[in-house]
> 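Quick one: this structure, given as structure tokens, is what I'll be asking you about.
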Amino acid sequence: QVQFVESGGGLVQPGGSLRLSCAASGRTFSENVMGWFRQAPGKEREFVGAIGWGAKYEYYPDAVKGRFTISRDNAKSTLFLQMDSLKPEDTGVYYCAADRDPRRTYTIWDYARQGTYYYWGQGTQVTVSS
């Protein structure tokens with residue numbers, strides 16, 4: 001059974017940093033696209049970043065570009081999200097996700113679509129507040 005478990009969330013002051021982890025189990029995802037999404041209270045889930053299966057490409061929306069960095073350790077089946085210079089608007093539940101089939105390629109717009117991803121974690125809360 002595939003399972004994603006996110007960790008590393010918490011309360012941080014504006015300007016601070018957090019590093020989220022997503023541990024995958026049940027199958028290997030070394031050749032899958034993986035991504036992060038977030039959902040703030042009362043808002044729709046939004047794309048935060050994605051990394052290609054060869055880890056050669058990373059994609060970020062303008063809202064987090066230059067502040068967030070996604071990476072992966074295939075040997076440990078773990079996805080990471082380093083978040084720096086955090087802002088109150090970064091508050092939300094953060095979810096990791098992966099597509100279903102290995103070695104798929106997508107348009108740049110597809111990386112940001114929730115429908116591209118098949119497996120999802122349960123989320124970890126990030127709160128940015130003074």
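Computation of the quantities below employed the complete heavy-atom set of this structure, encompassing side-chain atoms and omitting hydrogens, waters and symmetry-equivalent molecules.
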> Please assess Phe29 against Tyr119 for the test ring-ring contact (aromatic ring centres under 6.0 Å, His included), listing each intermediate value before the final yes or no.
CA-CA 10 Å; Phe29 288 92; Tyr119 300 103; 5.3 Å; yes
> Show me the pairs that pass salt bridge (Lys or Arg N to Asp or Glu O under 4.0 Å) and involve residues 109-130, at least two apart or across chains.
Asp110-Arg113
> Could you tell me if Asn32 and Arg72 have a donor-acceptor pair between their side chains, going purely by distance under 3.5 Å?
no
> Determine yes or no for a side-chain-to-main-chain donor-acceptor pair under 3.5 angstrom, with Glu6 supplying the side chain and Gly123 the backbone.
yes
> What is the ring orientation for Tyr59 with Tyr111, classed by angle as parallel under 30°, tilted 30 to 60°, or perpendicular over 60°?
parallel
> Mark yes or no: Arg38 above the aromatic ring of Tyr95, with NZ or CZ under 6.0 Å from the six-membered ring centre and no more than 45 degrees from the axis.
no
> How about Trp53 and Asp99: do any of their side-chain heavy atoms sit closer than 4.5 Å?
no
> Would you say that Ile51 contacts Val33 through its side chain, given a criterion of any heavy-atom pair below 4.5 Å between the two side chains?
no
> Will you find, in the side chains of Asp101 and Tyr118, an N or O donor that is under 3.5 Å from an N or O acceptor?
no
> Can you name the closest pair of heavy atoms from Cys96 and Leu79 and give their distance?
CB-CD2, 4.1 Å
> Can a salt bridge be assigned to the pair Lys87 and Asp90 using a cut-off of 4.0 Å between side-chain N and carboxylate O?
no
> One pair to check against ring-ring contact (aromatic ring centres under 6.0 Å, His included): Trp120 and Phe37. What are the steps and the verdict?
CA-CA 10 Å; Trp120 292 84; Phe37 287 74; 5.1 Å; yes
> I'd like to know if the side chain of Ser30 and the backbone of Thr28 have a donor-acceptor N/O pair within less than 3.5 Å.
no
